[in-house]
Amino acid sequence: MAGVTATGMAGVPATFSSATAQIGGFLSKKPYAPPLWATHLSPMPCHTFSLGHRDDLSGMQLSGNKVRKLEFLMADAVAQGADCVITVGGIQSNHCRATAVAAKYLNLDCYLILRTSKLLVDKDPGLVGNLLVERLVGAHVDLVSKEEYGKIGSVALADLLKKRLLEEGRKPYVIPVGGSNSLGTWGYIEAIREIEQQIQQSADVQFDDIVVACGSGGTIAGLALGSRLSSLNTKVHAFSVCDDPEYFYDYVQGLIDGLNSGLDSHDIVSIENAKGLGYAMNTAEELKFVKDIAASTGIILDPVYSGKAVYGLLKDMAGNPAKWKGRKVLFIHTGGLLGLYDKADQLSSLAGSWRRMDLEDSVPRQDGTGKMF
């Protein structure tokens, strides 16, 4: 496996590193070669780590769209000699949880700056959802209020913590909100290469549109750029779950300008507002929609990202039938299942029923079954 030596990889114990060679290259550091249609983009990453399987099918602790970006960002952190990483997000950030786990796999410390309500900023944040995983793997958690976050901003907050860690002799590497910078964008350029290969391998797979949730901009930047440059040339639609579409058009423009693409964000992606009450806030109708989808299909949508995006997509299809008539749509589920635990109280009245089993006194015991050990 590339990148593994007898002394281990990126600080990972040799016994752990050698074991990864037998499970599909997980955690391997690999030289990166871009798709042929993306070779003109610059700067181009040199290496990537294999951190996950794909999106919503990567298990609980390391899953979601953030992992694709972290494969490039973590490789850069290790290449720069970092001994810890810093990132920022909401109190139930999927990105922060994935960063904490990926950092632990690579023997890096992780510092998380999490925003929460003013009423809760001085209290123990608890062990619900993503927080449980983050704290189990030993991430350092700093809480800030939403008001402080809005006044100072994520960049300045991360820089403040970075300065303090540098003064302590540490070597921190800052990962932006959602892993969404130009380097992280390569994660979803790679996703387009995967989709392209899957289409080439199966003549049955054809679609006209790609639809995805948008929370920080990196995912849609990579998908839209890759789709325009590749043989797909598919229209990408994004449903934003925070901020507004114009903010994301500008942000995506900055990301693709950072890769010297020469393209206009308005030409490669269509962004619509699906934030509803606000980021990570749900109406009763949205949560019922998530429950109904689960009950009818077995597919679990998270309430913050994919749930709002599918909800917005179906509303748009109902309101603009001519726009979607006859079109085949690929919806990319970007994970985030742990976010559901934060909505448990709101979902309690919607969840499936339960009852105590009705037992008859005359039911005979059968040997070999029902024994307690």
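- Annotation: salt bridge (Lys or Arg N to Asp or Glu O under 4.0 Å) contacts of Asp342 (sequence neighbours excluded): none.
- Hydrophobic clustering of Ile, Leu, Val, Met, Phe, Trp and Tyr side chains at less than 4.5 Å, counting indirect connections, keeps Val177 apart from Val85.
- Ion pairing of Lys288 with Asp292 is present here, as a side-chain N (NZ or NE/NH1/NH2) and a carboxylate O approach within less than 4.0 Å.
- Within the model, atoms OH of Tyr188 and CZ of Phe72 stand 12.0 Å from one another, a figure rounded to the nearest 0.5 Å.
- Closest heavy-atom contact between Pro303 and Leu287: CB-CD2, 4.0 Å.
- Each of Thr185, Asn260, Ile189 was evaluated against Leu41; a single residue qualifies, Ile189, per the side-chain contact (heavy atoms from CB on, under 4.5 Å) test.
- Side chains of Lys66 and Thr99: no donor on one and acceptor on the other come within 3.5 Å.
- Cluster annotation: Val252 and Ile332 are assigned to the same hydrophobic cluster (Ile/Leu/Val/Met/Phe/Trp/Tyr, side-chain heavy-atom contacts under 4.5 Å, transitive).
- With hydrogens and angles disregarded, a donor-acceptor distance shorter than 3.5 Å links the side chain of Lys343 to the backbone of Ala280.
- Closest approach of Val290 and Leu340 over heavy atoms only: CG1-CD2, 4.3 Å.
- Of the N and O atoms on the side chains of His95 and Ser216, not one donor lies less than 3.5 Å from an acceptor on the other residue.
- Under 4.0 Å is where a charged nitrogen must lie from a carboxylate oxygen, and between Lys171 and Asp83 no such pair does.
- Between Glu190 and Arg193 there is a salt bridge, since a side-chain N of the basic residue sits under 4.0 Å from a carboxylate O of the acidic one.
- A donor-acceptor contact shorter than 3.5 Å links the side chain of Tyr251 to the backbone of Ser180.
- Below 30°, between 30° and 60°, or above 60°: for Trp186 and Tyr32 the angle between ring planes is above 60°, a perpendicular geometry.
- Here the side chain of Ser145 pairs no donor or acceptor atom with the backbone of Lys118 at under 3.5 angstrom.
- Ion pairing of Glu194 with Arg68 is present here, as a side-chain N (NZ or NE/NH1/NH2) and a carboxylate O approach within less than 4.0 Å.
- No side-chain N or O of Glu134 forms a donor-acceptor pair with one of Asn130 less than 3.5 Å apart.
- No cation-pi contact links Lys29 to Tyr105, judged by a cut-off of 6.0 Å to the six-membered ring centre and 45° from its axis.
- A salt bridge does not link Arg115 to Asp142: none of the charged side-chain nitrogens sits closer than 4.0 Å to a carboxylate oxygen.
- With values rounded to the nearest 0.5 angstrom, Leu143 atom CG is found 10.0 Å from Ser117 atom OG.
- Each salt bridge (Lys or Arg N to Asp or Glu O under 4.0 Å) pair with one or both residues in residues 264-284, not counting sequence neighbours, appears once here: Glu272-Lys323.
- Under the 4.5 Å side-chain heavy-atom criterion for ILVMFWY residues, no single connected hydrophobic cluster contains both Val304 and Phe289.
- Between His140 and Tyr111, the two ring planes are parallel [angle under 30°; tilted spans 30° to 60°].
- With sequence neighbours left out, Lys315 forms a salt bridge (Lys or Arg N to Asp or Glu O under 4.0 Å) with no residue at all.
- If you check the side chains of Ser50 and Glu71, you find no donor sitting under 3.5 Å from an acceptor.
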